[in-house]
Amino acid sequence: MNEAALTLEGWYALHDFRSLNWTAWTAADDEERAVALEELHAFMQEWGPVEEAKEGSSTVYSIVGQKADFVMMFLRESLEALNALETAFNKIAFAQYTTKAYSYVSIVELSNYAAGGTAGDGSDPMLNPHVAARLKPILPQAKHICFYPMNKKRELADNWYMLDMDKRRELMHSHGLIGRGYAGKVKQIISGSVGFDDWEWGVTLFAEDALQFKKLVYEMRFDEVSARYGEFGPFYVGNLLTEESFEEMLKL
Ligand code: VOV
């Protein structure tokens, strides 16, 4: 059998995409809307203490285009914690004015293609602060988010999983070099979803300048890992929502 890459896993991830039912929102009276906003506020207020306790991280972005209106991204210690969050959201009054648009379940992942990716010597990799920060990342309050799921191809001529480890490592090295050219411009969180969702990875990118998403993804398309082996799902792009800008978006 071919050698599998070793992976380290960190926080579980849920990308919860929702659409607003504007008809219901505009039909509600002022008091109903005020209750809904108050419950949304209380729901979001719980995110800070979780982050301070280093038990997860949360963020919310509006989505541009018709695929969804906003996405809540949650990182937590367990699938149970993610489940509890989506259920808690569904119970607040504000949820009655939303519909489910899309969701993605995965776990933040680091592979051993890059040197230092996994410890491999028996020591606890979480003791390495760089590894811990990658696997349990505090989500940046960057202006923009870009999310898409992807696979590595498994076709007869181009089968990523049939390449030997050295070849995959070489290809991933080239991938990493392109990525490093975007240091300080784009932050990536790669989460593995084999066995969890319909694609093999979730790619979440954060940037202050949304144009850098296009530059990075385009440049990677010419790199062999993406050009030959990458298969991509739908792209979602959006803008950071603070509690204030979220309320502003909902104001009639
Ligand atoms: C923003 C920059 C950036 C940087 C620096 C970067 C670097 C790296 C390194 C060093 C490594 C390997 C070690 C690890 O970390 O696991 C990876 C791993 C991975 N990547 Fe990446 N990637 C970036 C960005 C980046 C993008 C934009 C994409 C989407 C591809 C595209 O064409 O749209 C991507 C995908 C992935 C995936 C799916 C994996 C896992 C592949 C696997 O087979 O296991 N990635 N990536």
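Counting starts at 1 for both ligands and their atoms, in listed order. Side chains included, hydrogens not; waters and symmetry mates left out as well; all remaining heavy atoms used. From a predicted model like this one, the values you see are computed outputs, not experimental measurements.
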Distance col, row L250:CG vs L20:CG, nearest 0.5 angstrom, shows 5.5 Å
The option among R168, M220, H175, E200 carrying the non-hydrogen atom nearest to atom 9 (C) of ligand 1 is H175
Report task. Compute whether any side-chain donor of one residue and acceptor of the other, for E9 and T7, lie under 3.5 angstrom apart. Result -> yes
Honestly, for I190 the part within reach of ligand 1 (heavy atoms, under 4.0 Å) is side chain
> Can Y113 be said to touch ligand 1, with heavy atoms closer than 4.0 Å?
Replying inline: yes
Closest to atom 15 (O) of ligand 1 among protein heavy atoms sits R134 NH2, 3.1 Å
One finds that the ligand 1 atoms under 4.0 Å from a non-hydrogen atom of K152 are 41 (C), 42 (C), 43 (O)
If we number the atoms of ligand 1 from 1 as shown, the ones under 4.0 Å from a heavy atom of L216 are 1 (C), 27 (C)
Checklist entry - Any side-chain heavy-atom pair from P137 and L75 closer than 4.5 angstrom? => result yes
At a 4.0 Å cut-off, with the gap strictly under it, does some heavy atom of R221 reach an atom of ligand 1? no
Separation between CZ (R168) and NE2 (H175), nearest 0.5 Å, reads 14.5 Å
Checklist entry - Less than 4.0 Å between a side-chain N and a carboxylate O, is that true for K136 and E77? => result yes
Next item on the list: Go through the side-chain N and O atoms of Y182 and Q188 and say whether any donor and acceptor fall under 3.5 Å apart.
Entry: no
One finds that the ligand 1 atoms under 4.0 Å from a non-hydrogen atom of M150 are 29 (C), 30 (C), 38 (C)
For L110, the atoms of ligand 1 under 4.0 Å from one of its heavy atoms are 14 (C), 15 (O), 16 (O)
Heavy-atom proximity to atom 19 (C) of ligand 1, picking from M172, Q188, E109, points to M172
### Query
According to the interplanar angle, ranging from 0 to 90°, do the rings of H144 and F213 count as parallel (below 30°), tilted (30 to 60°) or perpendicular (above 60°)?
perpendicular
| Between Y102 and Y104, how do the two ring planes meet: parallel, tilted or perpendicular, split at 30° and 60°? | tilted
Check your understanding: Would you call the rings of F89 and F94 parallel, tilted or perpendicular, where under 30° means parallel and over 60° means perpendicular?
Key -> perpendicular
### Query
Do the two ring centres, one from W47 and one from F74, sit under 6.0 Å apart?
yes
Note: Y182, heavy atoms under 4.0 Å from ligand 1, region reported as neither
One finds that the ligand 1 atoms under 4.0 Å from a non-hydrogen atom of S226 are 30 (C), 31 (C), 32 (O)
re atom 42 (C) of ligand 1, the protein heavy-atom contact at minimum distance is W201 CZ2, 3.3 Å
query: So, R154 and E200, do they make that salt bridge, N to O below 4.0 Å?
result: yes
Atom 12 (C) of ligand 1 has as its nearest protein heavy atom S111 OG, 3.8 Å
Looking only at non-hydrogen atoms, the one of A227, G179, G230 nearest atom 3 (C) of ligand 1 is G179
For V203, the ligand 1 atoms with a heavy-atom partner under 4.0 Å come out as 28 (C), 29 (C)
the protein heavy atom lying closest to atom 10 (C) of ligand 1 turns out to be A114 CB, 3.9 Å
For a 4.5 angstrom cut-off between non-hydrogen side-chain atoms, does V203 reach V217? no
Quick note on ligand 1: atoms under 4.0 Å from a heavy atom of R180 include exactly 5 (C)
Atom 29 (C) of ligand 1 sits nearest the protein heavy atom Y148 OH, 3.1 Å
Closest to atom 31 (C) of ligand 1 (heavy atoms only, candidates F213, W160, F232) is F232
